[in-house]
Every structure is written in C-alpha cells, then in structure tokens.
Amino acid sequence: MCLSAPPFLGTFYRMTAIILWIRTFPPACLSSPGVLHLGMIRSILFVMRYRPEHKIETHEKIVKDASRRVRAEGLNGAAVAAVMRDAGLTHGGFYKHFASKDELLIASLKEGFRDIIASLVHAAEQAPPGEAWKAIVKAYLRPEMCEHPEHGCPLATLGPELARVDKRMKPQILAELVNYKNRMAPFMPGRRMADKERAFFAIFSTMTGAVEIARMLPDSVRGQVLGTARDFLLRSF
C-alpha cells in the first residue's frame, strides 16, 4: 500500500492518514522493504507537530534572551549553551538559527538598540512640546536603567567591548549606532539637524559615561552621580 495524500489535504488530514495507517498494519508489515519505516513515521509526526511559525518564534526568543544576557554579562558572558538551554533547545540546535556566535551577537545588539530606542521614543512622545530631549535625559538616567543593565542601553553596558570587537563586525555595529543617532536626533535641542546631531553626541556621551561610572560605585552614591549628570545636561541646552 502506498502512503500518499492529495495535495489539497491539510496537515491535519495527512497526520490522521498516517496514524490510521500505522494502526491498520502490523509491525512486520511496516518493516517490509519498500514500506515506510515506523521510525520514519515517528520522525514525520515529530516534525509535523510544530506550527510553521514555530521556528520564527524560537528564533525571536533566542535573540531576546541573548540580548539581555549580552547587556548584563558582556559579549563573552552570553554563552551559547546557556542561551539555547533557556530557549529549551540543545547546543546543536544553535546552528539551525545562526551561522556563528558573531551572528547571534549582532542580532542581540540590534535587539538591544531596538529596546532602548523604543523606551526613549515613548518617553519623548509623552513629553510636552519642546521638552522631548529632557524626557529622554530623565528616562536614560533613571536609577532603574543603571541597576538593570539587561534592559539598558548597549552603549552604556558594552561600549569598551564594542570598540574591541573583530573588524568584520564593526560595519554592522556602526550601522546600529547611526540608526540610534538618526532615531534620537529629531528629539534633540537645536534648530538645524546639524545642531541636533551635535547635541545628540554631547548628551549621549555624557549619559553613557555617567551610567558606566555609577555602576562602579556603591548603591548609596549611584543616585548622586546620575542626578548630577542629569541636572548638568538639563541646564546646558
């Protein structure tokens, strides 16, 4: 008997046909030459149990988890094995989603920049007219951003490491930095775009440096460092 299904039948009908076929024929028949092997049938059922979106959802989960780990533990701290374990996959499953660890790192950095951009844009859009850049400064220099690097800005958590990455990764990192600047610049103080871009570099350089220094200090003085940087910026433009 040949196991086949018309092309118009959906996955449900193909699965039903396979199950009925297995129950109809004894094991000896299933192992006969030219007949679909029982192990092959089990493999088919294993593959067919996943929805078409399963791989995409798994990929996104891996990237989000890796992004948090990279920001919290550094570029070398986010071990592939740990990331895959948290996603419920084996280490070998990594190469079904990424060609190399560098590819995962770039994807995690992109996710990190998307995360901080979304947070800062939300703060800016809630601010009164002309106050968007001040809302960004206040949101960036919150103690929570300092205490939870896994949700913070990649520049403040990975700046020195990003400067030392392999040359092959630098063009992609530069592209993320340019996108970061382009998304933030419209909210910055200044009349012309050139003025806004200069303000972006001055403001974000100060903020990332303040967060990096604050993280080195005891909790009791972190707020003082962040508050000093915030007040300085708000008075400077």
Side-chain angles (χ1 to χ4, degrees), residues 60-61 63-79 82-83 86 105 107-165 173 176-190 196-237:
E60 291 176 351
K61 185 179 186 304
V63 170
K64 288 182 181 297
D65 181 59
S67 178
R68 290 190 293 268
R69 282 183 175 274
V70 164
R71 282 178 282 174
E73 304 170 16
L75 294 180
N76 295 319
V83 172
D86 290 348
L105 288 176
S108 65
L109 286 174
K110 289 182 178 181
E111 176 64 25
F113 279 113
R114 280 195 295 267
D115 194 12
I116 188 64
I117 287 171
S119 176
L120 297 180
V121 167
H122 176 74
E125 291 177 343
Q126 301 302 309
E131 301 287 310
W133 71 274
K134 293 181 181 180
I136 287 175
V137 169
K138 293 174 183 177
Y140 195 108
L141 293 175
R142 286 178 300 147
E144 294 81 1
M145 294 286 279
C146 186
E147 295 164 4
H148 297 283
E150 69 274 15
H151 299 298
C153 174
L155 293 182
T157 57
L158 301 168
E161 290 184 79
L162 293 178
R164 294 192 293 267
V165 297
I173 293 173
E176 292 304 313
L177 294 177
V178 170
N179 181 62
Y180 195 15
K181 183 259 298 179
N182 290 343
R183 293 296 305 277
M184 293 293 102
F187 300 112
M188 294 292 102
K196 291 178 178 290
E197 290 183 351
R198 281 193 290 269
F200 165 82
F201 287 114
I203 290 172
F204 275 78
S205 295
T206 301
M207 293 195 302
T208 56
V211 171
E212 288 178 351
I213 293 173
R215 285 186 177 136
M216 301 177 192
L217 303 175
D219 294 346
S220 58
V221 294
R222 281 183 178 178
Q224 183 180 347
V225 172
L226 297 175
T228 299
R230 181 193 62 234
D231 294 343
F232 170 79
L233 288 173
L234 295 179
R235 293 194 307 266
S236 299
F237 294 88

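Along the sequence shown, residues are numbered consecutively beginning with 1. Just so it is clear, the model here is predicted, and its values are computed rather than measured.
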Once ring pair (Phe, Tyr, Trp, His ring centres under 6.0 Å) is applied, do any residues pair with F232, and if so which ones, sequence neighbours excluded? none
Sequence neighbours left out, what passes salt bridge (Lys or Arg N to Asp or Glu O under 4.0 Å) with R183? Give chain and number order. none
Residue pairs fulfilling salt bridge (charged side-chain N to carboxylate O under 4.0 Å, His left out) with at least one residue in residues 223-236, sequence neighbours excluded: none
Would you name the heavy atoms of F237 and I203 that are closest together and state the gap between them? CE1-CG1, 3.6 Å
Show every salt bridge (charged side-chain N to carboxylate O under 4.0 Å, His left out) that has at least one partner inside residues 196-205, sequence neighbours left out. K181-E197, D195-R198
Can you name the closest pair of heavy atoms from A127 and A135 and give their distance? CB-CB, 3.7 Å
Among residues two or more places apart or on two chains, list those pairs meeting salt bridge (charged side-chain N to carboxylate O under 4.0 Å, His left out) that have a residue in residues 123-142. E131-K134
Contact summary for P154 and L162, nearest pair of heavy atoms: O-CD1, 4.4 Å
For residues 108-121, which side-chain donor-acceptor pairs fall under 3.5 Å, sequence neighbours excluded?
| from | atom 1 | to | atom 2 | distance (Å) |
| --- | --- | --- | --- | --- |
| S108 | OG | L104 | O | 3.3 |
| S108 | OG | L105 | O | 2.7 |
| E111 | OE1 | R114 | NE | 3.4 |
| E111 | OE1 | R114 | NH2 | 2.9 |
| E111 | OE2 | K64 | NZ | 3.2 |
| D115 | OD2 | R71 | NH1 | 3.2 |
| D115 | OD2 | R71 | NH2 | 3.3 |

Heavy atoms of A199 and M188 approach each other most closely as CB-CB, 4.2 Å
Taking T228 for the side chain and Q224 for the main chain, is one N or O donor matched with an acceptor at less than 3.5 Å? yes
Working to the nearest 0.5 angstrom, can you tell me the gap between L155 CG and Y140 OH? 5.5 Å
Are any of the side-chain nitrogens in R69 or D65 under 4.0 Å away from the carboxylate oxygens of its partner? yes
Check residues 206-217 and write down every donor-acceptor pair under 3.5 Å in which the side-chain atom is one partner and the other belongs to a residue at least two apart or another chain.
| from | atom 1 | to | atom 2 | distance (Å) |
| --- | --- | --- | --- | --- |
| T206 | OG1 | A202 | O | 2.9 |
| T208 | OG1 | F204 | O | 2.9 |
| T208 | OG1 | S205 | O | 3.1 |
| R215 | NE | C146 | O | 2.9 |
| R215 | NH1 | A156 | O | 3.4 |
| R215 | NH2 | M145 | O | 2.8 |

Mind checking side-chain contact (heavy atoms from CB on, under 4.5 Å) for P129 and listing every partner two or more places apart, or none if nothing turns up? none
Here the salt bridge (charged side-chain N to carboxylate O under 4.0 Å, His left out) pairs for residues 144-155, sequence neighbours left out, are none
